[in-house]
Amino acid sequence: MSTSPPKTTEAWTYTSPSTPRTALTLTTSHPLTFPPSNSSEETLLISVSHAALNPGDIVSLTAMPFFLHSTPSAVPAFDFCGTVLQSHNQAKFSPGDNVICFPPLPHMLKTGIGGLQKIVPIPAKYCVRLPHGKKLIDGAGLMLAGCTALLQVRQAGVKKGDRILVVGASGGVGSAAVQIVRDVVGLGGYIAGVCSGRNEGLVRSLGADEVVDYTLHKDLPGYLTERFGGEGRRFDHVIDGYGNQELYKSCAGFLKEGGVYDAASIHYASYRLWDLLGSVVTIGLNILWPRAQWLGGTGRSFKICSLGDPGLEMMELLAGMLGDGRVRVVRDSVWGWGEVKEGFDVLMGGHAAGKVVIRVGEGEE
């Protein structure tokens with residue numbers, strides 16, 4: 001590196017599991033760790049501009065045992081963007097490049113880094129270049145939700161002309177899924193999105209042909225069966241960004257035989273450890289239980305999105321879709337650096353329309 005990097009940075013950190021309001025502390029001296037000088041891996045020093053909050057951040061904060069971390073303190077936010085300040089073993093990126101970053105969970109557990117810090121050292125393999133003509137805030141919140149939705153679409157086998165139901169269509173994952181599904185199914189396909197009525201205009205603008213307002217239907221599975229259960233109206237696949245177990249249990253009424261119900265997760269009542277473990281058990285039963293309806297199964301295949309490290313191919317594909325306009329990040333709200341806890345309050349409320357974003361740096365909106 002051309003100059004010595006700083007040894008500390010300002011960051012929101014935590015040292016034990018609890019709610020974001022209790023766990024997070026703003027510190028001005030969070031330590032920065034860099035690779036040894038003889039390392040051959042390209043590592044970037046990023047000035048973070050924006051970070052997006054995700055349910056995974058809440059899980060890490062509230063329920064993950066802290067002994068899994070290799071550092072005495074940790075920083076949340078998997079999903080962030082910023083500008084390259086320096087590059088160790090410069091190869092792909094140069095100072096001044098704007099990038100979108102998505103480090104996987106194992107790397108965050110090992111290093112303690114996250115997007116809620118002003119400066120981040122990160123391997124270049126977890127970064128892609130922000131498309132030309134896009135502002136940094138345009139990339140905030142793209143990767144985790146976008147990669148999740150893209151993987152769901154691929155797992156389900158969505159193809160041109162399909163009829164697809166997107167559940168949680170106005171959420172972070174769901175809003176990305178509607179756009180990605182539209183790109184795949186084309187104008188000849190059909191997309192119905194489940195969300196609240198107040199977000200109907202948004203979901204239609206993303207590519208949905210029809211919106212189902214779940215607030216109007218006490219028995220949502222029954223309504224979907226009534227509305228889409230006839231010949232030629234059933235869906236080829238369901239992409240669930242919310243994790244509605246009741247819909248999966250009743251999906252034979254509106255999902256074609258041979259169709260896939262692909263969920264980003266199973267929604268849990270709270271972020272307490274035992275509720276999360278309960279959702280894991282439910283996922284396992286959904287996958288392993290016989291599909292035969294006479295044995296208590298749904299008669300339809302269930303798949304879960306296990307993202308892990310999406311890899312550069314998927315990240316670069318999504319960045320390209322952002323660049324050419326096929327995908328945009330829907331933002332619920334943008335919060336200042338001192339308002340991180342308020343941003344988490346919105347996310348934990350469960351009704352954010354799109355991504356909750358934190359303005360970390362002083363860059364342009």
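Checked against salt bridge (Lys or Arg N to Asp or Glu O under 4.0 Å), K256 has the following partners two or more places apart in sequence or in another chain: D236. When the side-chain hydrogen bond (donor to acceptor under 3.5 Å, both in side chains) test is applied to K125, the partners found at least two apart in sequence or on another chain are E41. Listed by chain and residue number, S170, C195, S196, A353 satisfy the side chain to side chain contact (heavy atoms under 4.5 Å, CB included) test with N199 (two or more places apart in sequence, or in another chain). In terms of the salt bridge (Lys or Arg N to Asp or Glu O under 4.0 Å) criterion, K341 has no residue partners (sequence neighbours excluded). The side-chain hydrogen bond (donor to acceptor under 3.5 Å, both in side chains) search around Q155 returns D262, not counting sequence neighbours.
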- request: I would like to know whether D240 and K303 meet salt bridge (charged side-chain N to carboxylate O under 4.0 Å, His left out); could you show each step before the answer?
  value: CA-CA 10 Å; D240 187 347; K303 293 186 178 181; over 6 Å; no

query: Which is it for T28 and T8 under the side-chain contact (heavy atoms from CB on, under 4.5 Å) test, yes or no, and what are the steps along the way?
result: CA-CA 8 Å; T28 58; T8 62; over 6 Å; no

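For the pair R129 and D97, the salt-bridge criterion is met [side-chain N within less than 4.0 Å of a carboxylate O]. Between R227 and E210 there is a salt bridge, since a side-chain N of the basic residue sits under 4.0 Å from a carboxylate O of the acidic one. Taking the charged nitrogens against the carboxylate oxygens, R21 and E342 do have a contact shorter than 4.0 Å, which makes a salt bridge.
Here the side chains of R234 and L255 are not in contact, with every heavy-atom distance at 4.5 Å or above. Here the side chains of I100 and L322 are in contact, with some heavy-atom distance below 4.5 Å. Inter-residue side-chain proximity for M143 and T148 is flagged as unmet; no heavy-atom pair is nearer than 4.5 Å. No side-chain heavy atom of T33 sits under 4.5 Å from any side-chain heavy atom of T111. With a 4.5 Å cut-off on side-chain heavy atoms, V128 and L312 count as touching. Using a 4.5 Å heavy-atom cutoff, the side chains of L61 and T19 are not in contact. Taking 4.5 Å as the limit, some side-chain heavy atom of L206 sits within range of a side-chain heavy atom of V330. For the pair L136 and L130, the minimum side-chain heavy-atom distance is below 4.5 Å.
T9 places no side-chain N or O within 3.5 Å of a backbone atom of H30 that could act as its donor or acceptor partner. Within the 3.5 Å criterion, the main-chain N or O of S18 finds no donor-acceptor partner in the side chain of T22. For H88 (side chain) and E42 (main-chain N/O), no donor-acceptor pair under 3.5 Å exists by modelled atom type.
The aromatic rings of F235 and F254 sit perpendicular, their planes meeting at an angle over 60°, well past the 30° parallel limit.
The two atoms that bring T71 and F66 nearest to each other are O-CE2, 3.5 Å, heavy atoms only. A pairwise comparison of heavy atoms in V184 and K159 identifies CG1-CA, 3.9 Å as the closest pair. Counting all heavy atoms, side chain and backbone alike, C251 lies closest to Y261 at CB-CD1, 3.9 Å.
The closest side-chain donor-acceptor pair between T282 and Q245, if any, does not fall under 3.5 angstrom. In this structure, a donor-acceptor pair under 3.5 Å is present between the side chains of K355 and N54.
Within 6.0 Å of the OH atom in Y242, the count of heavy atoms belonging to other residues, nucleotides or ligands does not exceed 12. By the 6.0 Å contact criterion, CG on L187 is open, its count of non-hydrogen atoms from other residues, nucleotides or ligands being 12 or less.
The side chain to side chain donor-acceptor pair (under 3.5 Å) pairs that include a residue from residues 307-330 are K92-E316, R154-E313, D183-R326, S205-R328, D324-R326, where partners are two or more places apart or lie in different chains.
Between Y126 and F102, the ring center distance fails the sub-6.0 Å criterion.
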